[in-house]
Every structure is written in C-alpha cells, then in structure tokens.
Amino acid sequence: TPAARPWCAPATRGSPRAFGLHSAPSRTTSGTVAAMRKVVIHRPGTHKELKLETSRQALPGPGEVRIRVCAIGVNYADCVVRMGLYASAREFVGWPITPGFEVAGVVDVVGDGVDAPHLTPGARVVAVTLFGGYASEVVVPAHQVFACPENLSLPQAAAIPSVFLTGYYALYELAAVREGQDVLIHSAAGGVGGAMVQLARRVGCRVVGVVGASHKIKRVRDLGIEDVIDKSTQALWPTAEKMAPGGYQTIADANGVATLADSYEHLAPTGRLIVYGFHTMLPKTGRRNWLKLGWNYLRTPKFDPMRL
C-alpha cells in the first residue's frame with residue numbers, strides 16, 4: 001500500500017531534475033553552491049542500499065518547474081526499482097538511481113515560458129516524475145505538475161497519482177468497464193487494487209475484492225463494497241464462482257503465476273484479464289533469487305490468441 005512520507009525540506013535545499021542534472025546550480029549569497037538532498041541507490045539489493053546524499057541544486061529550464069517537496073509517494077514499484085528488476089529504470093536511468101514517481105509540495109522556481117496560473121511560486125502542487133522523486137526538490141516539465149485540491153493535504157495528494165493513474169488506465173482504457181459488469185480485483189486492499197475498487201464502483205460495476213489476510217477485509221469494505229474474499233479463510237475460486245456464476249467481465253490480477261491461469265478461466269465470454277503485477281514471483285527480502293524467478297517464469301501460463 002502506498003504511503004506519503006512527509007519531508008518538508010527547507011526552502012534553501014534542492015534536488016536533481018527528473019530527467020537528469022544539466023542546469024547550472026544556483027549559488028547562495030556567500031558564493032557557495034546550494035545543496036540538495038536525495039535518496040540514491042547505487043546497486044540492487046535490500047533497503048540497506050538506500051543512501052541519503054547531498055548534491056548540487058538544479059535550476060528549471062524553459063517549460064520546467066522546480067518544486068520544494070513536502071511529501072513523496074512510496075509505492076511497491078519503488079521496491080522493484082531497488083531490486084534492479086524494473087526494466088524502464090535500467091533503460092532510462094541505470095545506476096545510480098533515485099526512485100520515486102510522485103511528489104507534492106510548493107512551487108519554488110518556474111522556468112521561462114511557464115505562465116499557468118496554478119504554477120506561481122508558493123502554490124501547492126502535486127507532480128509526477130520519471131524517477132527522481134525521493135528528493136527535497138525536483139525539477140519537472142510544467143505539464144506534469146497539477147494544482148493540489150484544497151480538500152487534500154500534501155501527504156494525501158502525494159499518494160494519489162501512481163495508483164489512480166494505473167487503475168484508471170487499466171479499467172477505463174484497457175478494460176472499458178461499464179455499469180452493471182462484474183469485476184474481480186486481486187490485492188484489493190493494496191494501493192492500485194484499492195484505487196481500482198473505487199474506480200470500478202464509480203461507473204456502477206459490481207466489485208468483488210480479494211485479500212490475503214482477514215485484517216484487510218475492513219479496509220476494502222471501507223471503500224464501499226460488501227463482497228470480499230479472504231483467501232486465508234475461504235476457498236478463492238469456489239467462492240468467486242458463487243458470486244458471479246457467469247464469470248467476470250474484468251479480472252485485475254497482481255499475483256502472477258500463483259493465480260493468473262485461474263483468473264483467465266473465470267472470465268466471462270469476451271472478458272478481459274488485466275495484469276498489473278507479478279508480486280508472487282518477486283523476492284520478499286529484496287535479494288534477487290534468479291532460480292526462483294526463472295522457475296516461475298517457466299510456470300507462467302501462455303495464452304493462445306486463437307482460443308480467446
């Protein structure tokens with residue numbers, strides 16, 4: 001489950017721009033280069049690889065905004081980055097890397113050409129980043145920065161973008177869910193799972209949530225659904241069949257090899273299977289087990305498009 005970690009760095013601190021440091025650093029009145037703080041990972045591993053470091057402050061270029069970060073969203077994807085198993089992290093950044101996809105804070109400096117009314121210095125904003133979010137300041141393109149709603153605190157706002165954008169794309173763009181459809185969501189108490197529960201309810205779907213422990217049931221029911229399957233005390237698929245005898249129009253699966261084949265078998269005709277994670281294949285300690293990864297890869301079901 002994502003959480004927003006308060007940071008509230010002093011205004012004199014800074015951080016790397018989201019797409020790399022290439023602007024000249026600002027200087028204090030004494031002529032010294034202003035510093036910033038960021039979490040850096042130099043090699044894959046456990047949480048012990050997270051290092052808090054200082055670096056030079058970046059200035060926004062044309063069309064960019066610098067944000068003084070007060071809260072960062074912490075997601076499971078950040079853990080996958082730390083393990084060295086996130087493909088786009090290797091493609092776009094490599095090592096060392098600063099994780100983080102979402103921040104909330106206050107506009108500090110705007111670059112040339114930025115004239116949006118919600119991007120004036122001092123304005124409360126939330127932003128999405130291409131990594132680099134675990135920092136006291138970030139520099140991002142202006143189109144990735146949005147006004148923070150007045151009814152949200154900055155920590156609340158920082159925990160929204162990644163999970164809800166993922167859920168929105170999965171359900172509305174890929175699955176095209178509609179009112180009255182049966183939707184089953186694995187890991188319904190998690191960040192993306194909980195977001196999808198709310199998004200599916202918003203369009204009038206009948207939602208069945210799946211959790212792996214009894215203490216998570218209340219969390220899912222607090223999101224507005226009554227049909228929750230607790231895998232620790234109930235037989236998952238017999239219970240799911242009773243709740244939707246004709247199958248599900250959409251199933252969202254974050255487990256991977258453990259449930260993927262059965263999820264596919266419980267789709268209704270023309271149903272859609274959304275895969276939004278493979279957590280049963282990933283290490284729980286942060287140490288990569290290539291033998292386990294390879295074995296689970298070989299066990300991952302293959303779907304023949306001619307049989308869909």
Side-chain angles (χ1 to χ4, degrees), residues 1-2 44-47 74-91 99 101 162-171 173-175 177 183-197 199-200 207-213 216 219-220 228-232 234-241 244 247-268 271-305 307-308:
T1 303
T46 69
H47 66 279
V74 178
N75 295 278
Y76 185 63
D78 303 331
C79 299
V80 182
V81 170
R82 169 174 50 76
M83 297 175 199
L85 299 173
Y86 206 93
S88 60
R90 298 193 300 270
E91 177 182 354
F101 294 105
S162 290
V163 294
F164 275 91
L165 288 173
T166 301
Y168 183 99
Y169 181 73
L171 292 183
E173 299 294 329
L174 297 180
V177 294
V183 176
L184 184 141
I185 299 173
H186 290 275
S187 304
V192 177
M196 286 198 285
V197 167
L199 290 167
V207 183
V208 175
V210 181
V211 298
K216 298 180 180 181
R219 158 68 179 165
V220 179
V228 182
I229 302 174
D230 175 10
K231 293 190 296 183
S232 69
Q234 297 172 278
L236 170 56
W237 296 115
T239 307
E241 290 170 5
Y248 294 85
Q249 278 75 36
T250 297
I251 296 180
D253 194 315
N255 301 318
V257 65
T259 56
L260 200 55
D262 284 322
S263 290
Y264 178 79
E265 293 299 325
H266 286 80
L267 291 172
R272 293 170 172 84
L273 175 59
I274 303 295
V275 179
Y276 73 98
F278 265 76
H279 80 80
T280 58
M281 293 179 62
L282 299 175
K284 293 182 173 60
T285 63
R287 299 181 186 278
R288 294 177 293 184
N289 184 328
W290 294 112
L291 183 61
K292 177 184 176 182
L293 286 168
W295 172 241
N296 283 328
Y297 174 78
L298 294 174
R299 294 171 57 223
T300 300
K302 308 297 190 295
F303 302 115
D304 184 351
R307 296 181 59 203
L308 296 179

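As the structure is a prediction and not an experimental result, all values here were calculated from the model.
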Would Phe278 and Val257 count as a side-chain contact (heavy atoms from CB on, under 4.5 Å) if you check the C-alpha gap in whole Å, the side-chain angles of each, and the deciding distance to 0.1 Å?
CA-CA 7 Å; Phe278 265 76; Val257 65; 5.6 Å; no
Reported CE-to-OH distance for the pair Met196 and Tyr168, which is rounded to 0.5 angstrom
15.0 Å
Check against side-chain contact (heavy atoms from CB on, under 4.5 Å), Cys79 and Tyr86:
CA-CA 9 Å; Cys79 299; Tyr86 206 93; over 6 Å; no
Search all heavy atoms of Lys216 against all heavy atoms of Ala189 and return the closest pair with its distance.
CB-CB, 3.8 Å
Any donor and acceptor pair, going by atom type alone, linking the side chain of Tyr248 with main-chain N or O of Ala240 inside 3.5 Å?
yes
Residues in side-chain contact (heavy atoms from CB on, under 4.5 Å) with Ser162, at least two apart?
Asn75, Phe101, Glu102
Heavy-atom pair with the smallest gap, counting every atom of His186 and Tyr276
O-OH, 2.6 Å
Minimal non-hydrogen separation, Ala175 against Thr250, with atom names:
CB-OG1, 3.6 Å
Nearest heavy-atom pair of Ser232 and Gly212: which atoms, and what distance?
CB-O, 3.6 Å
With side-chain contact (heavy atoms from CB on, under 4.5 Å) as the criterion, how do Ile251 and His266 come out once you've worked through the C-alpha distance, each side chain's angles and the decisive distance to 0.1 Å?
CA-CA 8 Å; Ile251 296 180; His266 286 80; 4.1 Å; yes
If every non-hydrogen atom of Asp253 is compared with every non-hydrogen atom of Asn255, which pair is closest and at what distance?
OD1-N, 2.7 Å
Which residues satisfy the side-chain contact (heavy atoms from CB on, under 4.5 Å) test with Gln234, sequence neighbours excluded?
Ile229, Asp230, Thr239
Between Val177 and Gln249, is there a side-chain heavy-atom distance shorter than 4.5 Å?
no
Of the non-hydrogen atoms in His47 and Arg82, which two are nearest, and what is the gap between them?
N-NH1, 3.4 Å
Supply the atom-to-atom distance Leu267 CG to Asp262 CG, rounded to the nearest 0.5 angstrom.
11.0 Å
